[in-house]
**Student:** 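I am attaching a structure below and will ask some questions about it afterwards.
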Amino acid sequence: MARYNPKETEPKWRDAWASADAFRAREDASKPKYYVLEMFPYPSGRLHMGHVRNYALGDVIARYKRARGFSVLHPMGWDAFGLPAENAAMERGVEPKGWTYDNIARMRAELKELGLSIDWSREFATCDVEYYGQQQAWFLELFKRGLVYRREATVNWDPVDQTVLANEQVVDGKGWRSGAVVEKRKLSQWFLRITQYADQLVDDLAQLDRWPEKVRTMQENWIGRSKGLRFRFHFAGEAPQAAADGIEVYTTRPDTLFGASFVGIAPDHPLAQEIAARDPKAAAFIEECRKGGASEAEIETAEKLGYDTGLKVKHPFDPNWELPVWIANFILMDYGTGAIFACPAHDQRDLDFARKYDLPVRPVVLPPGEDPASYDVGSEAYVGPGTIFRSQFLDGLEIEPAKEAAIARIEAQNDGQGATVFRLRDWGVSRQRGWGCPIPVIHCGKCGVVGVPRDQLPVALPDDLEFGKPGNALERHPTFKHTTCPQCGAEASRETDTLDTFVDSSWYFARFANPNAADPVDKAAADYWMSVDQYIGGIEHAVLHLLYARFVTKALADEGMLSVREPFAGLFTQGMVTHETYRRENGEWLEPGAVEITATGNKREAKMVDTGELVRIGDIEKMSKSKKNTVAPGEIFDVYGVDAARLFVLSDSPPERDVQWTSGGVQGAWRFVNRVWDEFDSQPADAGAAGETDEAADALRRATHKLVKHVTEAIESFRFNSGIARLYEFLNTLKAHPAEGASPALLAARHEALSAFARLIAPFTPHLAEECWARVGGGGMLVEAEWPTFDPALTEDAVKVLPVQVNGKRRGEISAPAGAEPAEVEKMVLDDPEIARRLEGLTIRKVIVVKDRIVNIVAA
RNA sequence: GCCGCCGUAGCUCAGUGGUAGAGCGCAUCCUUGGUAAGGCUGAGGUCGGCAGUUCAAUCCUGCCCGGCGGCACCA
């Protein structure tokens with residue numbers, strides 16, 4: 001019996017696939033296409049288990065679809081610009097370009113070891129000048145169309161990374177990468193007008209029926225579309241300068257206008273600033289608001305605070321009704337107009353505020369069943385459905401019609417209009433970094449901002465950038481900036497900002513259609529391959545990357561560069577790879593390799609391998625360097641082989657959930673690999689007698705066809721772990737029908753089973769599968785073989801075992817031929833002596849026979 | 001606070017309106033020329049709780065409890 005040796009077998013098959021160019025994607029009009037893409041990696045230089053899982057998941061789909069006759073595109077590239085390279089430059093004095101390409105070389109080798117069915121001929125990195133030059137080309141097209149603009153903006157400044165961050169990249173007031181507290185600065189910044197697509201970005205979510213509901217909801221929340229009314233309150237007295245035309249407010253509840261109690265403005269509203277200039281108390285109050293923390297916890301618990309400005313405005317529907325103007329700390333300047341009208345009875349924030357400052361609370365929405373004469377709200381605002389009352393022309397209307405009526409009246413009065421407001425802001429893409437895609441514009445003293453002409457692209461990064469210190473290496477470069485204006489020829493300076501790396505990753509999927517195209521996107525190739533049929537990656541990109549990619553796709557489609565308006569028809573978000581953590585008594589984290597676990601009964605104990613010191617077993621957490629709970633893929637490949645590692649990360653958890661890495665688990669996968677090989681190795685060359693059958697052969701054949709059906713369905717529905725669980729079970733079935741002493745019929749059934757089995761495990765353990773396929777004489781390479789099919793008739797048992805219940809409790813079982821008629825089964829059951837014994841002394845009320853499933857006797 | 005997901009063996013997870021399963025772990029035994037390995041057998045479950053629908057609920061419905069995630073003064 002030859003032992004399975006992955007160290008020999010796995011490289012052998014990888015070489016064979018490469019020689020056969022087995023994974024080259026071809027635009028074959030005779031086949032349906034399938035584009036599988038995993039989110040491309042940042043080339044950190046080291047593969048981690050998260051990558052193994054991500055790419056193994058995609059590879060299952062790619063190999064499966066190929067076997068199902070699809071023309072598959074499964075490419076790989078590198079998200080290669082970004083700060084880590086500059087940090088490495090500062091810390092270790094290496095220059096980013098060399099560092100990055102070295103890392104890519106290392107990671108490519110590791111990825112290739114995974115045996116992925118990737119078309120490596122399409123590989124590129126976003127830091128290749130051929131790639132970012134094309135990015136500059138489409139950026140300039142967007143610039144011409146007004147989708148790119150520059151303005152002075154208060155930006156999120158990360159003091160550690162010394163760069164600007166988009167709103168999406170600020171989490172809890174801290175930089176998403178550095179974790180440093182973000183400061184506000186005013187800078188001239190480049191923006192992409194994503195808000196112009198805000199409506200489409202919300203509306204088109206409805207088409208994405210193969211996206212997780214959760215991600216669609218997150219995007220919808222992030223875009224935050226609300227419909228309402230924007231209108232002006234006019235001052236009762238003389239208007240202040242900063243609000244000469246009145247105070248413009250935005251509301252989603254124009255139906256509650258007759259419940260207005262006051263008008264509130266944000267502390268940084270221009271009007272508040274003007275008031276502060278002449279009113280020291282107001283200035284002090286605004287200063288007080290500024291001090292309040294920005295963290296979620298602080299905002300949540302912050303008390304509502306306000307300052308009465310003494311100004312009065314007129315109610316839009318009643319010139320004799322005056323409302324006070326307050327500055328309030330809970331009003332945000334960067335949403336809507338930075339000013340509101342408050343209806344305390346129907347808004348909790350307004351109510352809290354009104355109760356504190358003793359302002360009127362006037363209900364105008366009457367909940368069903370309440371008495372209009374006595375109805376009042378206590379400490380809880382009423383936001384449910386109801387009928388409008390105490391509201392003149394709105395009286396008696398339901399909420400929605402009342403909103404429409406109020407908007408119509410305001411519009412008729414010329415005081416404002418219905419409006420849609422978004423939470424989404426334009427995308428700030430300027431980064432003051434040297435290791436990024438240069439923004440291809442030139443600043444000319446006469447002509448202003450001028451795009452670099454197409455024939456002068458790419459604007460390449462100089463090779464001699466000096467990255468040794470913080471700040472922008474491009475800005476420091478002696479010659480990069482100096483150029484002439486393409487329009488007037490005068491001396492001019494180049495823009496030194498580079499693009500956010502999220503720009504790089506917002507169109508790479510389209511470039512894969514033809515990475516050598518002379519234009520950004522090869523339209524014909526993209527028309528064949530796009531959209532991505534299955535995109536796979538982490539949930540952490542639910543908003544940022546996926547929203548940007550959707551926007552850029554739509555913008556490029558409007559340029560005529562793409563035909564599709566959504567980049568990813570199917571999205572799958574996989575879970576993380578986790579591991580137990582280990583700590584010494586002194587709090588020091590220990591790597592799994594330094595710890596030995598013993599188990600007695602159900603008690604587990606951990607000790608240090610070296611000293612025997614007792615170790616505390618901590619929580620199961622995402623693998624991270626800081627907690628040392630990582631396992632290096634390379635080391636696992638060395639010991640167990642790539643297939644065992646792939647199998648384990650796929651088998652132990654549903655793909656969307658976290659998977660816990662354990663040494664026991666990967667050993668289990670390894671044992672499975674070996675047991676599979678043993679089973680194939682024990683099959684004699686004699687193929688048996690395919691025409692014959694007997695009881696054992698029939699049973700095995702039925703199990704085989706059931707297996708094919710189940711595994712196929714499991715892959716189709718992304719329940720890979722479930723499919724693998726069945727493969728494990730089936731191996732036990734095979735062992736129960738050994739080749740030794742088998743009848744010719746059973747030998748043939750085993751041959752059929754093994755042939756199917758080899759193909760079914762191929763997406764998960766491709767190297768082992770090839771070896772098995774060769775052993776069973778499959779012919780050719782398995783990567784070229786078709787997916788096994790099943791005979792529906794054989795997915796059902798010929799004889800059914802029917803449990804027999806008496807009053808819902810199981811009391812026995814009988815065997816009946818599949819499809820036996822209820823009357824027949826009932827007779828069999830009642831004739832059964834064991835059942836009869838159970839029924840002694842009882843009167844049978846009813847016998848329920850569910851065909852092929854169960855019998856229940858109701859008796860008393 | 002709102003929304004979503006999850007709760008099945010010690011652990012990680014399949015599963016189904018009708019006989020509760022797998023891997024690991026655990027225990028007994030066998031093997032000791034696959035050997036820092038292999039094999040046999042076994043124990044272990046109120047399917048989170050309560051109610052409802054049903055002949056029958058782990059599965060469907062409702063409520064509750066617990067865990068995780070996202071959003072959150074967005075007017």
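Below, read A as the first sequence line, B as the second, and so on, with proteins coming before strands; counting in each chain starts at 1.
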**Student:** With respect to the phosphate group of B:rA72, does any side-chain polar atom (N or O) of A:Arg349 fall under 4.0 Å of OP1 or OP2?
**Tutor:**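 False: A:Arg349 side-chain N/O out of range (4.0 Å or more) of B:rA72 OP1/OP2.
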**Student:** Any side-chain N or O of A:Arg671 below 4.0 angstrom from OP1/OP2 of B:rG23?
**Tutor:**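 A:Arg671 to B:rG23 OP1/OP2: no side-chain N or O under 4.0 Å.
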**Student:** Nearest whole Å is fine: how far is B:rC5 P from A:Met576 CE?
**Tutor:**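 One finds 19 Å between P of B:rC5 and CE of A:Met576, rounded.
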**Student:** Mind checking if A:Tyr728 touches a base, just sugar-phosphate, or nothing, with heavy atoms under 4.0 Å?
**Tutor:**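 Sugar-phosphate: the residue A:Tyr728, judged by heavy atoms under 4.0 Å, touches backbone atoms but no base.
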**Student:** For B:rG23, which nucleotide in any strand shown is its Watson-Crick or wobble partner with both distances under 3.5 Å?
**Tutor:**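 With both distances under 3.5 Å, B:rG23 matches B:rC11.
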**Student:** Quick one: are A:Val365 and A:Val383 in side-chain contact, heavy atoms under 4.5 Å?
**Tutor:**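 A side-chain contact is absent here, since even the closest heavy-atom pair is not under 4.5 Å.
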**Student:** Side chain of A:Arg423, heavy atoms from C-beta onward: which of B:rA75, B:rG69, B:rC71 has the nearest atom to it?
**Tutor:**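 Nucleotide nearest to A:Arg423's side chain: B:rC71.
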**Student:** Could you check if a side-chain atom of A:Leu257 sits within less than 4.5 angstrom of a side-chain atom of A:Phe341, using non-hydrogen atoms only?
**Tutor:**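 They are in contact (side-chain heavy atoms under 4.5 Å apart), so the answer is yes.
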**Student:** Should the side chain of A:Asn674 and the base of B:rG34 be counted as holding a donor-acceptor pair, with the cut-off at 3.5 Å?
**Tutor:**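 Such a pair does not exist between side chain and base.
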**Student:** Rounded to the nearest angstrom, tell me the gap between atom CG in A:Asp352 and atom P in B:rA72.
**Tutor:**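 Nearest whole value for this atom pair: 19 Å.
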**Student:** Could you measure between the two P atoms, the one in B:rU19 and the one in B:rC60, and give it in whole Å?
**Tutor:**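 16 Å, rounded to whole Å.
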**Student:** Less than 4.0 angstrom from a charged side-chain N to a carboxylate O is my criterion; do A:Lys709 and A:Glu713 meet it?
**Tutor:**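 Salt bridge present between A:Lys709 and A:Glu713.
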**Student:** For nucleotides B:rU58 and B:rG18, find the distance between their C1' atoms and express it as a whole number of Å.
**Tutor:**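 Comparing C1' positions in B:rU58 and B:rG18 gives a spacing of 12 Å.
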**Student:** A:Arg675 near the nucleic acid: base, sugar-phosphate alone, or nothing, with a heavy-atom cut-off under 4.0 Å?
**Tutor:**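 Sugar-phosphate, backbone atoms only, no base.
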**Student:** For A:Thr217, answer base if it contacts any base atom (sugar-phosphate contacts may also be present), sugar-phosphate if it contacts only those atoms, and nothing otherwise; contact means non-hydrogen atoms under 4.0 Å.
**Tutor:**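 Nothing: the residue A:Thr217, judged by heavy atoms under 4.0 Å, touches no strand.
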**Student:** Can you tell me how far C1' in B:rC24 sits from the matching atom in B:rU32, rounded to whole Å?
**Tutor:**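 Between the two C1' atoms, the distance is 25 Å.
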**Student:** Considering only atom C1', compute the distance from B:rU8 to B:rA20 and round it to an integer number of Å.
**Tutor:**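 9 Å, rounded to whole Å.
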**Student:** Given the C1' atoms of B:rG4 and B:rU12, what is the spacing between them in whole Å?
**Tutor:**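 Roughly 23 Å separates the two C1' atoms.
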**Student:** Find the partner of B:rC71: check Watson-Crick (N1-N3 plus N6-O4 or O6-N4) and G-U wobble (N1-O2, O6-N3) distances, both under 3.5 Å, and reply none if neither fits.
**Tutor:**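 By the stated definition (distances under 3.5 Å), B:rG1 pairs with B:rC71.
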**Student:** Using whole Å, what does the distance between atom P of nucleotide B:rC24 and atom CD1 of A:Ile724 come to?
**Tutor:**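 From A:Ile724 CD1 to B:rC24 P: 14 Å.
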**Student:** Rounded to the Å, how far apart are A:Asn329 CG and B:rC73 C1'?
**Tutor:**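 These atoms are roughly 9 Å apart.
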**Student:** Using the closest heavy atom to pick a nucleotide of RNA chain B for each, name whichever of A:Gly336 or A:Glu656 lands nearer the 5' end.
**Tutor:**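 That would be A:Glu656.
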**Student:** How many whole angstroms separate atom CZ of A:Arg726 from atom P of B:rG15?
**Tutor:**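 Taking CZ of A:Arg726 and P of B:rG15, I get 8 Å after rounding.
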**Student:** Rounded to whole angstrom units, what separation is found between the CD atom of A:Gln219 and the C1' atom of B:rC3?
**Tutor:**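 Distance check: A:Gln219 CD to B:rC3 C1' gives 16 Å.
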**Student:** Any strand is fair game: report the nucleotide pairing with B:rC47 by Watson-Crick or G-U wobble, both distances under 3.5 Å, or none.
**Tutor:**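 Check on B:rC47: unpaired, no WC or wobble geometry under 3.5 Å.
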**Student:** Which is more 5' along RNA chain B, the nucleotide nearest A:Gly665 or the one nearest A:Phe422? Just name the residue.
**Tutor:**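 Of the two residues, A:Gly665 wins.
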**Student:** Check whether the side chain of A:Lys304 and the base of B:rC73 form a donor-acceptor pair under 3.5 Å.
**Tutor:**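 Indeed there is one.
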**Student:** Taking a pair as Watson-Crick or G-U wobble with both distances under 3.5 Å, which nucleotide is matched to B:rA56?
**Tutor:**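 Looking at the geometry, B:rA56 pairs with no nucleotide.
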**Student:** Taking the P atom of each, how far is B:rU61 from B:rG44, in whole Å?
**Tutor:**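 Going atom to atom, P in each nucleotide, I get 33 Å.
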**Student:** Using the C1' atoms only, state how far B:rC71 lies from B:rA57, rounded to an integer number of Å.
**Tutor:**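 Those two atoms are separated by 35 Å.
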**Student:** Kindly say if A:Arg719 contacts the phosphate of B:rC13, meaning a side-chain N or O under 4.0 Å from OP1 or OP2.
**Tutor:**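 So the side chain of A:Arg719 is outside the cut-off, no N or O lying under 4.0 Å from OP1 or OP2 of B:rC13.
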**Student:** Classify the nucleic acid contact of A:Asn732 as base, sugar-phosphate or nothing, counting any heavy atom under 4.0 Å across all strands shown.
**Tutor:**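 Result for A:Asn732 = sugar-phosphate.
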**Student:** For the residue pair A:Tyr335 and A:Ser226, confirm or rule out a side-chain donor-acceptor distance under 3.5 Å.
**Tutor:**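 Their side chains do contain a donor-acceptor pair, which is all the 3.5 Å distance test asks for.
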**Student:** Whole Å only: how far is the CE atom of A:Met218 from the C1' atom of B:rG4?
**Tutor:**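 It is 10 Å, rounded to the nearest whole Å.
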**Student:** Find the partner of B:rC29: check Watson-Crick (N1-N3 plus N6-O4 or O6-N4) and G-U wobble (N1-O2, O6-N3) distances, both under 3.5 Å, and reply none if neither fits.
**Tutor:**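 Result: B:rG39.
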**Student:** Given side chains that start at C-beta, do those of A:Phe764 and A:Ile715 come closer than 4.5 Å, heavy atoms only?
**Tutor:**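 Yes, at least one pair of side-chain atoms sits under 4.5 Å.
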**Student:** Just wondering, do A:Pro655 and A:Asn721 contact through their side chains at under 4.5 Å, heavy atoms?
**Tutor:**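 They are in contact (side-chain heavy atoms under 4.5 Å apart), so the answer is yes.
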**Student:** Taking the same atom, P, in B:rG49 and in B:rG38, what whole-Å distance lies between them?
**Tutor:**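 Roughly 38 Å separates the two P atoms.
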**Student:** Could you check which of B:rG34, B:rG69, B:rA75 has an atom nearest any side-chain atom of A:Lys214?
**Tutor:**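 Ranking B:rG34, B:rG69, B:rA75 by closest atom to the A:Lys214 side chain puts B:rG69 first.
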**Student:** Counting any heavy atom closer than 4.0 Å, what does A:Asn721 reach on the DNA or RNA strands: base, sugar-phosphate only, or nothing?
**Tutor:**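 Result for A:Asn721 = sugar-phosphate.
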**Student:** Take the protein atom CG of A:Asn221 and the nucleotide atom C1' of B:rG69, then report the distance between them rounded to whole Å.
**Tutor:**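 Roughly 13 Å, once rounded to whole Å.
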**Student:** Determine, for A:Arg253 against A:Asp347, whether the closest basic-nitrogen to carboxylate-oxygen distance falls under 4.0 angstrom.
**Tutor:**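 Judged by the 4.0 Å cut-off on N to carboxylate O distance, A:Arg253 and A:Asp347 do not form a salt bridge.
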**Student:** Which heavy atom of A:Thr9 sits nearest to which heavy atom of A:Glu771, and what is that distance?
**Tutor:**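 Shortest heavy-atom separation between A:Thr9 and A:Glu771 comes out as CG2-OE1, 3.3 Å.
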